[in-house]
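Side-chain atoms are counted along with the backbone in the values below, which use heavy atoms only and exclude waters and symmetry mates. Chain letters run A, B, ... following the sequence lines, proteins first, then strands; residues in each count from 1.
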2 protein chains.
Amino acid sequence: MQEITGLELSPKKVEYLKFLFKKGGLVRTTDISSQLQVDPSTSTKTIADLAGTGLVEHIPYRGVRLTEKGQLYAEFLVNRHNILSLMLSHYGLSSEEACAETARFESFVSKAAVDKICSSMGHPQTGVCGKIRHISCGIP
Amino acid sequence: MQEITGLELSPKKVEYLKFLFKKGGLVRTTDISSQLQVDPSTSTKTIADLAGTGLVEHIPYRGVRLTEKGQLYAEFLVNRHNILSLMLSHYGLSSEEACAETARFESFVSKAAVDKICSSMGHPQTGVCGKIRHISCGIP
DNA sequence: CATTAATTTTGGCCATATACCAATTTTATG
DNA sequence: CATAAAATTGGTATATGGCCAAAATTAATG
């Protein structure tokens, strides 16, 4: 039984979660808005949306942090990115190209597909965009 | 110099163009709406949008057809689909899975990336979703 | 050929996702 | 505590995609 489809979040929300994961801990609205290049008011609103999903906890005027559920989900998101970009890098795309390309379409690739790709590649430990952990495949 | 980025059309519009390409000739609004499972009024409006791009010609109450430009573009779209789904099929996805998966993200994959993947695979002639032609790579 | 049926289009309206600006509120700082 | 900085709220905007009801057009049938 699969509880995560990988298609739960919109592209921008995926960016938010990946950033929160990489940053870690309590992250300020301004950090997010400058990183994602949007107005602070935009990030505030998106954060409110995300808080509604239970993936993040928002402490007004203080910051946002991933919940436990969000932590797990974000780990999947980062893994998906790393696996897909590693795959593309096997087809003549440079690391930078693979990373940028993946960023555009990753949010539309299912966990089921990513799991198969990951298995097929032999659960690699390192991608072109960062380390790959395989908790969601049951590999620590 | 590359005139097509592959990112010009929204996902739904890509579906329209691929369908028009596969159907060929003058296609009725009803054909489209039943194929894409949308209300006829929705397809009428999307067709109007597409007509604005010069990719299709709309003859009111008669049907829609690809322009010459649209024909070339749609051929790229179908090729992109076939190349990406073929790629996925190399990672343990069945033809059906690869096809369905690709359908979700293909509109966010650039022509530049597709060209590299295509070259890297040796310009295959057959995919899991259909024949692949390589006119846009300069291979007839 | 005239009426009816089917198809298509229009107009109105709605939802989601993103985004900005201006104004306000809260927190931080000197 | 006064002011600056950060964050939020409220308003508004665009793009995409969608539906329904009504009107227009074309097709079909007696």
Subject >> Under 3.5 Å donor-acceptor, K69(A) side chain and T53(A) backbone >> reply: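 Checked: pair present.
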Original post:
Would you find a donor on one side and an acceptor on the other, under 3.5 Å apart, between the side chain of R80(B) and the backbone of V114(B)?
Top reply: no
What is the distance, to the nearest angstrom, from the [atom1] atom on [X] to the [atom2] atom on [N]?
X: I59(A); N: dA6(D); atom1: CD1; atom2: P; answer: 19 Å
X: E8(B); N: dA15(D); atom1: CD; atom2: C1'; answer: 16 Å
X: D49(A); N: dT18(C); atom1: CG; atom2: P; answer: 9 Å
X: L26(B); N: dT7(C); atom1: CG; atom2: C1'; answer: 14 Å
X: I47(A); N: dA17(C); atom1: CD1; atom2: C1'; answer: 16 Å

**OP:** Ignoring the backbone of P11(A), work out which of dT18(C), dT9(C), dT16(D) is nearest its side chain.
**Re:** dT18(C)
Original post:
Given K111(A) and D115(A), is the salt bridge (Lys or Arg N to Asp or Glu O under 4.0 Å) satisfied, shown in steps?
Top reply: CA-CA 6 Å; K111(A) 178 174 189 303; D115(A) 284 350; 2.8 Å; yes
Side chains of residues 54-65 of chain B: which donor-acceptor pairs under 3.5 Å do they make with residues two or more places apart or in other chains?
{"residue": "E57(B)", "atom": "OE1", "partner": "R65(B)", "partner atom": "NE", "Å": "3.3"}

Could I get a table of every N or O pair under 3.5 Å where one atom is in the protein and the other is in nucleotides 18-23 of chain D?
{"residue": "dC19(D)", "atom": "OP2", "partner": "D39(B)", "partner atom": "N", "Å": "2.8"}
{"residue": "dC19(D)", "atom": "OP2", "partner": "T42(B)", "partner atom": "OG1", "Å": "3.0"}
{"residue": "dC19(D)", "atom": "N4", "partner": "K45(B)", "partner atom": "NZ", "Å": "3.4"}
{"residue": "dC20(D)", "atom": "N4", "partner": "S41(B)", "partner atom": "OG", "Å": "2.6"}

Subject >> Greater than 12 external heavy atoms within 6.0 Å of K131(A)'s NZ >> reply: no
In a table with atom names and distances, give each donor-acceptor pair under 3.5 Å that connects a side chain of residues 97-104 of chain A to protein atoms at least two apart or in another chain.
{"residue": "E97(A)", "atom": "OE1", "partner": "S94(A)", "partner atom": "N", "Å": "2.8"}
{"residue": "E97(A)", "atom": "OE1", "partner": "S94(A)", "partner atom": "OG", "Å": "3.4"}
{"residue": "E97(A)", "atom": "OE1", "partner": "K116(B)", "partner atom": "NZ", "Å": "3.0"}
{"residue": "E97(A)", "atom": "OE2", "partner": "K116(B)", "partner atom": "NZ", "Å": "2.5"}
{"residue": "E101(A)", "atom": "OE1", "partner": "R104(A)", "partner atom": "NH2", "Å": "3.1"}
{"residue": "E101(A)", "atom": "OE1", "partner": "S110(B)", "partner atom": "OG", "Å": "2.9"}
{"residue": "E101(A)", "atom": "OE2", "partner": "R104(A)", "partner atom": "NH2", "Å": "2.6"}
{"residue": "E101(A)", "atom": "OE2", "partner": "S110(B)", "partner atom": "N", "Å": "2.6"}
{"residue": "E101(A)", "atom": "OE2", "partner": "S110(B)", "partner atom": "OG", "Å": "3.1"}
{"residue": "T102(A)", "atom": "OG1", "partner": "S85(A)", "partner atom": "N", "Å": "3.4"}
{"residue": "T102(A)", "atom": "OG1", "partner": "A98(A)", "partner atom": "O", "Å": "2.7"}
{"residue": "R104(A)", "atom": "NE", "partner": "F108(B)", "partner atom": "O", "Å": "3.1"}

**OP:** With DNA chain C as reference, determine whether K13(A) or R28(A) sits nearer its 5' end, using the nearest nucleotide of each.
**Re:**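 Checking each residue's closest nucleotide, the 5'-ward one belongs to K13(A).
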Original post:
When we call it a touch if two heavy atoms are under 4.0 Å apart, what does T29(B) touch: a base, just sugar-phosphate, or nothing?
Top reply: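 It contacts sugar-phosphate atoms only.
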**OP:** Please work out if S10(A) contacts a base, only the sugar-phosphate, or nothing of the nucleic acid, heavy-atom cut-off 4.0 Å.
**Re:**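 Sugar-phosphate contact only.
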